[in-house]
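One-based numbering along the sequence shown. Read the numbers this way: they start at 1 and go in the same order the structure lists the ligands and their atoms.
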Amino acid sequence: MLTSYEQDYRRSLEQPELFWSEQAKAIEWFAWPEKIMEKDANGVVRWFGGGKLNTAWLALDRHVEAGRGDQVALIYDSPVTNTVARITYRELTERVAKVAGGLLALDVVQGDRVIIYMPMVPEAVIAMLACARIGAVHSVVFGGFAARELAMRIDDASPRVILSASCGIEFQSVIAYKPLLDEAIRIAKHKPEACVVLQREMLEAPLIGSREHDWAEWEAAAKYAPWVALDALDPLYILYTSGTTGRPKGVLRDQGGHAVALNYSMAAIYGTDVGDVYWAASDVGWVVGHSYIVYGPLIKGCTTLLFEGKPVRTPDAGTFWRVLAEHRVKTFFVAPTAFRAIRKEDPHCELMRNHDLSALEYLFVAGERLDPPTYQWLNEVLEVPVIDHWWQTETGWPICSNMVGYGLVETRPGSPTFPVPGYDLKILDEDGKVVAAGQDGNVVVKEPLPPGSLPTVWGDHDRFVESYWTRYPGYYLTGDGGYRDEDGYVYIMGRVDDVMNVAGHRLSTGQMEEVVADHPAVAECAVVGIRDPDKGQVPLGLVLLKDGVNIEQSTLEEELIQMVRGDVGAFANFRKVCVVPRLPKTRSGKILRQVLRQMIDGDPYKVPSTIDDPAILEEVASVLLDLGVMEVNE
Ligand code: COA
Ligand code: AMP
């Protein structure tokens with residue numbers, strides 16, 4: 001039962017065990033947890049140890065057993081293939097059990113990893129739930145990642161099996177997945193034992209050898225697999241996210257805390273109930289897709305919507321309105337960048353006119369900062385509350401939000417409102433002191449993190465400690481900067497580390513720098529995420545040439561663009577390169593990317609006292625001014 005936000009927030013911090021055991025009662029357990037909260041061998045607070053459950057059962061079978069088998073579980077709306085399909089809870093449960101059986105037939109056992117590299121088709125959701133049914137650990141890799149990135153994830157997760165598809169569709173283009181998969185397996189040191197490929201009619205992939213299987217035949221031949229009871233602390237999935245280096249971090253999610261947190265969030269944050277239609281317009285490759293296309297809505301018994309299309313040009317900027325009206329969506333969750341794209345093509349929202357949006361009650365946005373102009377525009381064109389909320393792959397569910405379940409409070413542009421129960425949020429200065437209202441600082445969460453948050457980085461616990469817990473001992477470092485106003489509203493202003501956010505996609509500077517540095521003409525480089533009116537941020541490559549190299553700027557730029565597209569993926573939007581004479585660094589050799597970013601964006605910046613040579617900043621500024629990448633700052 002939800003009482004008041006203030007009361008629950010306070011209780012969640014003062015009596016976390018009591019608060020979370022109440023939330024845990026809202027899901028069904030095969031065995032109630034032995035411990036609500038305790039530290040594991042690594043000293044990390046874990047939730048619901050000894051509790052037995054199965055996340056796929058919670059998301060599927062349970063609803064069928066409760067008589068909701070004929071309710072639509074998943075609507076697949078794909079304007080790029082002119083398809084709308086509705087799959088009931090019963091049908092989805094059966095397909096998941098079959099695919100789980102197919103995995104067992106490939107010798108996948110509990111704890112084995114399965115990589116899912118697929119476009120936005122129902123089989124991607126089925127694959128995730130099939131893993132969950134048998135206790136295999138899935139790792140979904142966003143379909144936009146190129147072979148090298150996929151290979152890194154294959155090596156890190158060492159999957160027994162990879163599930164993929166013959167192609168994805170980007171606007172009018174068909175993107176062949178199989179050559180990318182083949183190349184990734186060729187580069188990777190770890191070789192999976194089997195690959196299963198979903199053949200799509202727009203482009204079939206040749207399958208070679210006994211280790212490659214055709215999905216349809218494989219699924220048809222499989223036996224239904226029963227679900228297994230898992231421990232709350234068993235892993236559900238690994239989702240790689242960009243850290244500050246080129247190597248992605250495998251965020252591990254466990255079973256029990258995740259199910260409890262998502263179930264709580266569906267009512268408390270999103271105001272949804274059984275049977276509501278919920279649409280998160282993201283991709284299954286990102287955390288939003290995991291939590292709010294797949295697990296959250298299905299655990300809650302909603303109808304979830306899987307959309308294979310774009311906000312524009314599939315076929316036009318009215319697609320979102322069409323989908324919202326046709327499927328009577330109640331809660332819609334999307335990244336602001338999608339609305340910037342719509343606003344650009346249809347500023348007065350003419351294409352909304354013929355659609356009945358009366359079912360829509362809430363619009364949630366996250367993934368990047370909701371810039372005030374987009375917020376104002378949304379408020380003008382929509383009659384529903386526009387709710388900004390903030391979270392990360394690491395937490396798996398929102399850290400700050402205006403919470404529908406407790407009754408909405410006044411929204412303030414640029415603010416995701418207040419911390420969600422479970423998150424003891426603080427803004428700290430460089431010395432670890434809480435800053436005064438209105439002052440910027442590092443946004444952190446005091447230990448313990450609530451259920452659902454990551455307990456470790458897959459295979460590298462030291463990195464977990466180093467990345468999140470070392471800067472301020474006892475506090476989880478979010479990597480975001482921000483402040484609170486006099487009334488406690490939280491404002492998230494952007495990353496204070498080397499992570500950037502391009503069209504709602506999280507990327508690291510290091511990831512692109514590794515690729516750029518491989519070019520034979522490049523002696524040294526820095527990639528910084530600079531402000532962009534459409535995509536929020538885009539990467540800018542600053543390179544130093546090797547002595548004696550003679551290459552046209554345009555040739556170098558084109559070659560580097562192709563390298564980043566080929567190694568990271570086109571969605572990185574790496575499109576601009578500038579040759580600079582030197583790079584600003586600290587005396588210990590660390591490139592001052594943040595100062596560069598602030599300088600290029602025209603934001604105030606402080607030159608650190610540790611800078612090696614302040615004149616370098618002026619040299620770089622002068623080159624960027626000449627190239628028109630930067631404007632004169634009055
Ligand atoms: N597979 C293959 N390629 C992909 C891809 C995918 N899944 N996603 C993007 N790309 C490609 C695009 O086709 C494009 O290729 P191009 O350079 O050859 O044209 C490139 O990556 C850049 O993509 P993007 O930044 O997405 O720009 P766009 O102009 O193609 O689309 C939007 C603009 C606004 C429609 C798109 O950015 C969008 O839908 N954003 C929302 C993202 C989102 O929902 N994030 C949620 C995270 S919570
Ligand atoms: P990801 O892990 O891909 O979900 O990206 C998380 C990052 O996106 C956060 O650390 C923020 O930098 C940014 N982000 C997500 N939601 C918001 C928001 N509502 N406001 C500001 N930044 C956001």
Kindly indicate, with the supporting measurements, whether the criterion side chain to side chain contact (heavy atoms under 4.5 Å, CB included) is fulfilled by Val334 and Phe339.
CA-CA 8 Å; Val334 71; Phe339 287 116; 2.8 Å; yes

In sequence, state the C-alpha distance, the side-chain angles, and the governing distance for Glu466 and Arg463, and then conclude on salt bridge (Lys or Arg N to Asp or Glu O under 4.0 Å).
CA-CA 5 Å; Glu466 170 61 29; Arg463 194 165 178 207; over 6 Å; no

Does ligand 1 have an atom that lies less than 4.0 angstrom from a heavy atom of Arg340?
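It does not, in that no heavy atom of Arg340 comes within the 4.0 Å cut-off of ligand 1.
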
Does Gly168 come within less than 4.0 angstrom of ligand 1, counting non-hydrogen atoms of the residue?
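Distance cut 4.0 Å: Gly168 fails for ligand 1.
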
Is the distance between the ring centroids of Tyr270 and Tyr362 under 6.0 Å?
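Ring centroids of Tyr362 and Tyr270 are no less than 6.0 Å from each other.
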
Ring centroid separation Phe571 to Phe145 under 6.0 Å:
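So the answer is yes for these two rings.
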
Around [atom], find the nearest protein heavy atom and jot down its residue, atom name and distance.
atom: atom 19 (O) of ligand 1; value: Arg575 NH2, 4.4 Å
atom: atom 30 (O) of ligand 1; value: Phe171 CE1, 3.2 Å
atom: atom 25 (O) of ligand 1; value: Asn573 ND2, 2.6 Å
atom: atom 1 (N) of ligand 1; value: Gly144 CA, 3.3 Å
atom: atom 26 (O) of ligand 1; value: Lys310 NZ, 4.5 Å
atom: atom 41 (C) of ligand 1; value: Thr337 CG2, 3.6 Å
atom: atom 21 (O) of ligand 1; value: Phe571 N, 3.0 Å
atom: atom 29 (O) of ligand 1; value: Lys535 NZ, 3.7 Å

Numbering as shown, the atoms of ligand 1 that approach [X] to under 4.0 Å (heavy-atom distance):
X: Val288; result: 48 (S)
X: Arg565; result: 16 (P), 17 (O), 18 (O)
X: Ser282; result: 46 (C), 47 (C), 48 (S)
X: Ala281; result: 44 (O)
X: His505; result: 42 (C), 45 (N)
X: Ala570; result: 11 (C), 15 (O), 20 (C), 21 (O), 22 (C)

Which residue from [options] reaches closest to [atom] through any of its heavy atoms?
atom: atom 34 (C) of ligand 1; options: Cys167, Gly367, Ala341; result: Ala341
atom: atom 37 (O) of ligand 1; options: Ala503, Gly569, Ala338, Gly143; result: Ala503
atom: atom 38 (C) of ligand 1; options: Pro311, Ala366, Gly504; result: Pro311

Could you label the plane-to-plane angle of the His138 and His290 rings as parallel, tilted or perpendicular, counting under 30° as parallel and over 60° as perpendicular?
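The arrangement is tilted - the two ring planes meet at 30° to 60°.
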
Starting from the C-alpha separation in whole Å, work towards a yes-or-no answer on side chain to side chain contact (heavy atoms under 4.5 Å, CB included) for Thr81 and Ile169.
CA-CA 8 Å; Thr81 58; Ile169 301 158; 3.4 Å; yes

Where do Val528 and Glu513 land on the side chain to side chain contact (heavy atoms under 4.5 Å, CB included) test, with the steps shown first?
CA-CA 9 Å; Val528 283; Glu513 282 172 7; over 6 Å; no

Tell me, please, which residues at least two apart from Pro311 pass side chain to side chain contact (heavy atoms under 4.5 Å, CB included).
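Pro311 satisfies side chain to side chain contact (heavy atoms under 4.5 Å, CB included) with Phe320, Ala338, Ile342 once adjacent residues are dropped.
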
Which residue, Phe332, Trp391, Trp397, Trp286, forms the ring-ring contact (aromatic ring centres under 6.0 Å, His included) with Tyr292?
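Per the ring-ring contact (aromatic ring centres under 6.0 Å, His included) rule, the option paired with Tyr292 is Trp391, out of Phe332, Trp391, Trp397, Trp286.
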
Less than 4.0 angstrom from a charged side-chain N to a carboxylate O is my criterion; do Glu430 and Arg471 meet it?
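A salt bridge is present here (some side-chain N lies under 4.0 Å from a carboxylate O).
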
Residues Asp601, Arg597: salt bridge by 4.0 Å N-O rule
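Between Arg597 and Asp601 there is no salt bridge, as every charged N stays at least 4.0 Å from the carboxylate O atoms.
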
Indicate whether any N or O donor in one side chain lies under 3.5 Å from an N or O acceptor in the other, for Glu149 and Gln511.
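Present: a donor and an acceptor within the cut-off.
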
Can you find a side-chain donor-acceptor pair between Tyr468 and Glu394 that sits under 3.5 Å?
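Yes, side-chain donor-acceptor contact under 3.5 Å.
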
Nearest atoms (heavy-atom pairs only) where Pro455 meets His461
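That closest heavy-atom pairing would be O-CE1, 3.8 Å.
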
Before signing off on this row, confirm whether Glu170 and ligand 1 have an N or O atom pair separated by under 3.5 Å.
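Such a contact does occur with ligand 1.
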
Quick check: are there more than 12 heavy atoms from other residues, nucleotides or ligands sitting under 6.0 Å from CD of Glu350?
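Atom CD in Glu350 is crowded, with more than 12 foreign heavy atoms closer than 6.0 Å.
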
Please tabulate, line by line, the atom pairs linking an N/O of ligand 2 to a protein N/O at a distance below 3.5 Å, with the distance in Å to 0.1, or answer 'none'.
from     : atom 1 : to     : atom 2 : distance (Å)
ligand 2 : 2 (O)  : Thr393 : N      : 2.8
ligand 2 : 2 (O)  : Thr393 : OG1    : 2.6
ligand 2 : 2 (O)  : Arg506 : NH1    : 2.7
ligand 2 : 8 (O)  : Gly367 : O      : 3.4
ligand 2 : 8 (O)  : Asn501 : ND2    : 3.2
ligand 2 : 10 (O) : Gln392 : NE2    : 3.0
ligand 2 : 10 (O) : Asp480 : OD2    : 2.6
ligand 2 : 10 (O) : Arg495 : NH1    : 2.8
ligand 2 : 12 (O) : Asp480 : OD1    : 2.6
ligand 2 : 12 (O) : Asp480 : OD2    : 3.4
ligand 2 : 16 (N) : Gly367 : N      : 3.0
ligand 2 : 19 (N) : Asp388 : OD1    : 2.8
ligand 2 : 19 (N) : His389 : O      : 2.7
ligand 2 : 20 (N) : Glu368 : O      : 3.4

With ring-ring contact (aromatic ring centres under 6.0 Å, His included) as the test, would you mind laying out the steps for Phe418 and Tyr9 before giving the verdict?
CA-CA 10 Å; Phe418 301 137; Tyr9 185 66; 8.8 Å; no

